[in-house]
Amino acid sequence: MASNEDNLKDVVSHAKEYGFVFPSSDIYDGLSATYDYGQLGSELKNNLKQYWWKSMVQMHENIVGIDAAIFMHPTTWKASGHVDAFNDPLIDNKDSKKRYRADVLIEEYIAKIEAKINKDVAKGFKRFGDDFDEAQFRATNPNVTRRQAQIDEINDKFKTALEADDLEGIRQLIIDLEIACPISGSKNWTEVRQFNLMFSTELGSVAGDASKIYLRPETAQGIFVNYSNVQKSGRMKIPFGIAQIGKAFRNEIIARQFIFRMREFEQMEMQFFVRPGEEMKWYDYWKETRIKWHNALGLGEDNYRFHDHIKLAHYANAACDIEFNFPMGFKELEGIHSRTDFDLKQHEEHSGKKLRYFDPELNEHYVPYVVETSIGLDRLFLAVLSKAYEVEKLEDGTERSVLRIPPPLSPYKAAVFPLTKKDGLPEVAREIMAKLQFDHNCQYDEKDAIGKRYRRQDAIGTPYCITVDHQTLEDQTVTIRERDSMSQERVHIDELNNIIDQRVNMRTLLLK
Ligand code: ATP
């Protein structure tokens, strides 16, 4: 599995070639940072949603799901703080005229030092093998401790500037660290400015501020404003959760890196309402539960890490990210935030409606505290696709492109082939397909030699290929070939559904 920028380029072109992801409005040369999911991409995306929904909503008796509108009353965004504070600090390079997020420039600088430390650690491993004591090495190796001290110092200054909203301090840090524009190498920077990320539009036919509404920048607020409706109509008892999958929109300053950062994307969020004072217990619970959910996908436990936020958002009393080792390095995949009672209290204040819970055990009313899990569906898609993609060298010296997508997520679960187009083989193949289709998404293919058909299915991640030949007409057996091992077995037609189900049923992920 390659893990570098080349891998990203290969993944992007593979995704386009096979109908997973296309640039949006491709015939007009695309629209920056906007993508369309193709015929196979939407299957994979739906399967990812299903894995999340099943595990978060249907397998938790105290979590329910909703589907709120994208447009919301404009006061929602005043109350949530987005109108005043949903900003990113931007900086322009005067020579290249390229625009950057100032905080990201600093974070990337830190990541480069971290990479050097990790390189030294890897060398240590190589040299000392099993005797290598990583913790001791990190604590005593002069190169590592010097670099770590450098990181700590930058982080301290960065945090102080962020907390004080000191834009000049952030700019000074970029100048002091001699950070250069990655494109031109120039260090000629403008001042840092705040930029609000919300898209606005007008409701109805009246222009002007009164009718200004926003495209939601997160799905969470659709949950908060429905807290009371759901709690009452669903007779929910604390602790309980409300989940939602839906589109969100952010006018990102720079949106690069394929579907990692888009201006229109999809989130899967869950707000868990708890007793005040119990939020840290639930924060730990959700950290553990979510990482377990990720690990079940089998993309490699080393590819995930927790990263605590260095600056907490105004509403949070604890927050971390689950970062994933994307082709461009470790980046945020999911956020887990303890949001206190901030949102509900703000909505109480702005709406004048009480958003309380009567706790019969404590015999008191309170505004619940909230622990949120928030994952970007498109980032999850990229995580799966980039780790699944492999160009494998085979024993006979040839190569095959294979997508080792976890089988329950694969767009097609099986492909059915007649060996030839004659002698009644296509009819039998279609009969098999017609039976399997009730439980599994299947594809029929009769074109080209069998080897070529196998390659096509490997390239789109289909776990099983079933071939009908002349022997099938005599004894009702077929060949079933497995994607990863490429092993083939002769089985009776009646066994097919079971064999496929054992590997592709969502249960196999949910039970892990
Ligand atoms: P980042 O720091 O990368 O901008 P964020 O901290 O602003 O992300 P959150 O507000 O915590 O992100 O949103 C929750 C999740 O939504 C993120 O973990 C990410 O997976 C996803 N997400 C956020 N912004 C985008 C985007 N522009 N494109 C795709 N996914 C996104």
Side-chain angles (χ1 to χ4, degrees), residues 21 24 31-35 37 45 48-49 52 56 77 80-82 85-90 100-108 110-111 158 162 194-199 215-224 243-271 286-287 290-291 293-294 304-316 318-326 328-339 342-343 370-386:
V21 183
S24 166
L31 177 69
S32 104
T34 324
Y35 290 90
Y37 287 84
K45 207 173 171 202
L48 287 166
K49 287 188 204 178
W52 187 85
M56 295 294 280
W77 306 110
S80 67
H82 284 80
F86 194 52
N87 301 322
D88 273 344
L90 68 81
Y100 296 94
R101 256 174 71 176
D103 55 334
V104 170
L105 284 178
I106 296 169
E107 278 163 12
E108 282 174 355
I110 293 172
F158 188 28
L162 284 175
Q194 290 289 20
F195 175 75
N196 193 291
L197 300 181
M198 280 199 295
F199 282 102
L215 299 190
R216 66 182 178 197
E218 61 174 31
T219 58
Q221 298 304 324
I223 293 178
F224 291 126
Q244 167 162 230
I245 299 177
K247 288 258 171 148
F249 303 82
R250 295 182 188 179
N251 199 1
E252 297 280 0
I253 294 170
I254 41 159
R256 288 194 202 118
Q257 298 168 326
F258 195 34
I259 54 174
F260 179 82
R261 186 178 300 287
M262 295 192 287
R263 300 206 166 95
E264 170 181 346
F265 57 100
E266 216 159 338
Q267 290 185 315
M268 304 195 287
E269 297 199 298
M270 193 277 301
Q271 311 293 324
W286 282 110
K287 274 175 76 172
R290 293 303 303 149
I291 196 74
W293 183 92
H294 285 287
Y304 299 89
R305 69 180 188 198
F306 281 109
H307 171 78
D308 288 322
H309 286 194
I310 67 160
K311 183 206 169 198
L312 291 177
H314 54 283
Y315 51 75
C320 68
D321 298 331
I322 295 178
E323 294 186 337
F324 184 76
N325 190 12
F326 286 100
M328 15 351 142
F330 274 95
K331 303 250 177 218
E332 173 175 348
L333 167 62
E334 171 159 2
I336 300 169
H337 312 127
S338 173
R339 290 178 81 127
F342 174 82
D343 300 88
V370 172
V371 176
E372 154 186 271
T373 71
S374 170
I375 179 168
L377 177 55
D378 313 272
R379 288 190 188 179
L380 178 62
F381 187 107
L382 180 59
V384 171
L385 202 65
S386 61

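Atoms within each ligand, like the ligands themselves, are counted from 1 in listed order.
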Number the atoms of ligand 1 from 1 as they appear, then name those within less than 4.0 Å of a heavy atom of [X], with their elements.
X	value
Ser374	13 (O), 14 (C), 15 (C), 18 (O)
Glu252	24 (N), 26 (C), 27 (N)
Glu334	18 (O)
His337	11 (O)

> Just heavy atoms, cut-off under 4.0 Å: does Lys331 contact ligand 1 by side chain, backbone, both, or neither?
Replying inline: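 It is neither; nothing of Lys331 touches ligand 1.
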
>> Test of understanding: given a 4.0 Å heavy-atom threshold, classify the contact between Leu380 and ligand 1 as side chain, backbone, both, or neither.
In response: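 Near ligand 1, Leu380 shows nothing, with every heavy atom at 4.0 Å or more.
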
> Does the side chain of Trp293 come within less than 4.5 Å of Ile375's, by heavy atoms?
Replying inline: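 With C-beta onward as the side chain, the pair touches.
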
>> Distance check, rounded to the nearest 0.5 Å: His337 atom NE2 versus His309 atom NE2?
In response: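 Output value for this atom pair is 4.5 Å.
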
>> Between Glu269 and Arg216, does any side-chain N to carboxylate O distance fall below 4.0 Å?
In response: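 A salt bridge is absent here (no side-chain N lies under 4.0 Å from a carboxylate O).
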
> Looking only at heavy atoms of Arg101, does any of them come nearer than 4.0 Å to an atom of ligand 1?
Replying inline: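 It does, in that a heavy atom of Arg101 comes within the 4.0 Å cut-off of ligand 1.
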
> Is there a donor in the side chain of His294 and an acceptor in the side chain of Glu334, or the other way round, less than 3.5 Å apart?
Replying inline: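 Yes - a donor-acceptor pair under 3.5 Å links their side chains.
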
Donor-acceptor pair, side chain of [X] and main chain of [Y], under 3.5 angstrom:
X	Y	answer
Asn196	His82	yes
Arg305	Asp321	no
Arg379	Phe260	yes

>> Ring centroids only, cut at 6.0 angstrom: are Phe326 and Phe324 within range, meaning strictly under it?
In response: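 Phe326 vs Phe324: aromatic centres under 6.0 Å.
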
Is there a polar contact, in the sense of an N or O pair closer than 3.5 Å, between [X] and ligand 1?
X	result
Arg379	yes
Glu332	yes
Phe265	no
Leu333	yes
Ile375	no

Report the nearest protein non-hydrogen atom to [atom]: residue, atom name, distance rounded to 0.1 Å.
atom	value
atom 10 (O) of ligand 1	Arg250 NH2, 3.0 Å
atom 29 (C) of ligand 1	Phe260 O, 3.2 Å
atom 3 (O) of ligand 1	Arg261 NH2, 3.0 Å
atom 28 (N) of ligand 1	Met262 N, 2.9 Å
atom 21 (C) of ligand 1	Gly376 CA, 3.6 Å
atom 13 (O) of ligand 1	Gln267 NE2, 3.4 Å

>> Over 60° means perpendicular and under 30° means parallel, so tell me whether Phe342 and Tyr315 are parallel, tilted or perpendicular.
In response: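 Because their plane-to-plane angle lies in the 30° to 60° range, the rings of Phe342 and Tyr315 count as tilted.
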
>> Tell me which one of Leu377, Leu382, Leu380, Leu385 satisfies side chain to side chain contact (heavy atoms under 4.5 Å, CB included) with Ile259.
In response: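 Only one of Leu377, Leu382, Leu380, Leu385 forms a side chain to side chain contact (heavy atoms under 4.5 Å, CB included) with Ile259, namely Leu382.
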
>> Just to verify, which of Arg250, Gln194, Glu252 counts as forming a side chain to side chain contact (heavy atoms under 4.5 Å, CB included) with Asp88?
In response: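 With Asp88 as partner, side chain to side chain contact (heavy atoms under 4.5 Å, CB included) holds for just one option, Glu252.
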
